[in-house]
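Notes for the one structure printed next.
Values below: every heavy atom of this structure, side chains too, minus hydrogens, waters and symmetry copies. The structure presented is a predicted model; accordingly, all values stated were derived computationally and were not measured.
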Amino acid sequence: MKIMVAVKRVVDYAVKIRVKPDKSGVDTTNVKMSMNPFCEIALEEALRIKESGAASEVIAVSAGPAQSAETLRTGLAMGADRAIHVDTGGAALHPISVARILQALVEAEKPGLLILGKQAIDDDCNQTGQMVAGLLKWPQGTFASKVILDKERQVATVEREVDGGLETLCLNLPAVITTDLRLNQPRYATLPNIMKAKSKVIKKVTPEDLNVEIKSDLEVVQISEPPKRKAGVILSSVDELIDKLKNEARVL
């Protein structure tokens, strides 16, 4: 069985975000980029499933500009067997477009399992996994905090976190799984594997090759920074605190 893992190139989580002066987006000039943390967790889980003997191959895929190949190199260094880069040039990618690209890749590669991070830390949409499951008409297990694969029965047992506690799902394969933070701790790529990854071939395709049209019904009107936090004040009495909570903060 093959496992396909979708990974995304995002601004590194440790970088302080700057909004462009015209508020059209986030300024990424000379900004460190890395693999989305949830995607790292998804790839780690796929590698662990392969190491357990339940899968034969892990394929890392990414859609985006030419620089996305760097993210795929990281995935290859972590242990992925192959990589596919869907070069979209400078086109803006929204979840439905990515879902259609993944649908086309799945139909071409025929994996038994598609694993994604539950969301990307740049847009926090948390939509792509659900959308691609709907397009493929596959069962889905979102926000997975534990995954057990039964190769004989072709069933994946997914434990997921919900508001009321934990929910356990049994999914008939093929299926889509999106990963949560507590699923695992991603491995670091070793220097020998990083060197080996540099010589591995990344297959490059375009949306046109996959018969996918990049379009979206979503328009980003404006991006702005959150308001600056005001300095705290020292109050002289409980009555003054209650008055401020009621009349200024309006939380009472």
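For the salt bridge (Lys or Arg N to Asp or Glu O under 4.0 Å) condition, no pair includes a residue of residues 88-99, sequence neighbours left out.
Residues meeting the salt bridge (Lys or Arg N to Asp or Glu O under 4.0 Å) test with Arg182, sequence neighbours left out: Glu161. Taking Asp209 as the reference, nothing meets the salt bridge (Lys or Arg N to Asp or Glu O under 4.0 Å) condition, with sequence neighbours excluded. In this view, Asn247 and Asp243 satisfy the side chain to side chain donor-acceptor pair (under 3.5 Å) rule, not counting sequence neighbours. By the side chain to side chain donor-acceptor pair (under 3.5 Å) test, Thr190 is found to be paired with Asn193, residues two or more places apart in sequence or in another chain being considered. Here Glu248 pairs with Lys244 under the side chain to side chain donor-acceptor pair (under 3.5 Å) rule; sequence neighbours left out. For the salt bridge (Lys or Arg N to Asp or Glu O under 4.0 Å) test, no residue two or more places apart in sequence or in another chain qualifies with Lys146.
Using a 4.5 Å cut-off between side-chain heavy atoms of Ile, Leu, Val, Met, Phe, Trp and Tyr, Val31 falls into a hydrophobic cluster with Val11, Val15, Ile17, Val26, Met33. With a 4.5 Å cut-off between side-chain heavy atoms of Ile, Leu, Val, Met, Phe, Trp and Tyr, the cluster of Ile96 takes in Met131.
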Taking only distance into account, with no hydrogens and no angle test, what donor-acceptor pairs under 3.5 Å do side-chain atoms of residues 163-178 form with protein atoms, sequence neighbours excluded?
| residue | atom | partner | partner atom | Å |
| --- | --- | --- | --- | --- |
| Glu167 | OE1 | Arg160 | NH1 | 2.7 |
| Thr178 | OG1 | Phe143 | N | 3.0 |

Output a table of donor-acceptor pairs, distance under 3.5 Å, between side-chain atoms of residues 57-69 and any protein atom two or more places apart or on a different chain; print 'none' if there are none.
| residue | atom | partner | partner atom | Å |
| --- | --- | --- | --- | --- |
| Glu57 | OE2 | Arg82 | NE | 2.7 |
| Ser62 | OG | Val7 | O | 2.9 |
| Ser68 | OG | Pro65 | O | 3.2 |

Distance-only criterion, 3.5 Å: show the donor-acceptor pairs between side-chain atoms of residues 218-233 and protein atoms not counting sequence neighbours.
| residue | atom | partner | partner atom | Å |
| --- | --- | --- | --- | --- |
| Glu225 | OE1 | Lys228 | NZ | 3.4 |

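Here the side chains of Leu116 and Leu102 are in contact, with some heavy-atom distance below 4.5 Å.
When the shell of 6.0 Å around NZ of Lys203 is examined, it contains 12 or fewer heavy atoms from other residues, nucleotides or ligands.
Under a 3.5 Å cut-off, the side chain of Glu109 and the backbone N or O of Val106 do not form any donor-acceptor pair. Panel note: side chain Thr71, backbone Met35; no donor-acceptor pair is recorded below 3.5 Å.
For the atom pair Arg48 CZ and Arg187 CZ, the distance stands at 7.0 Å (nearest 0.5 Å).
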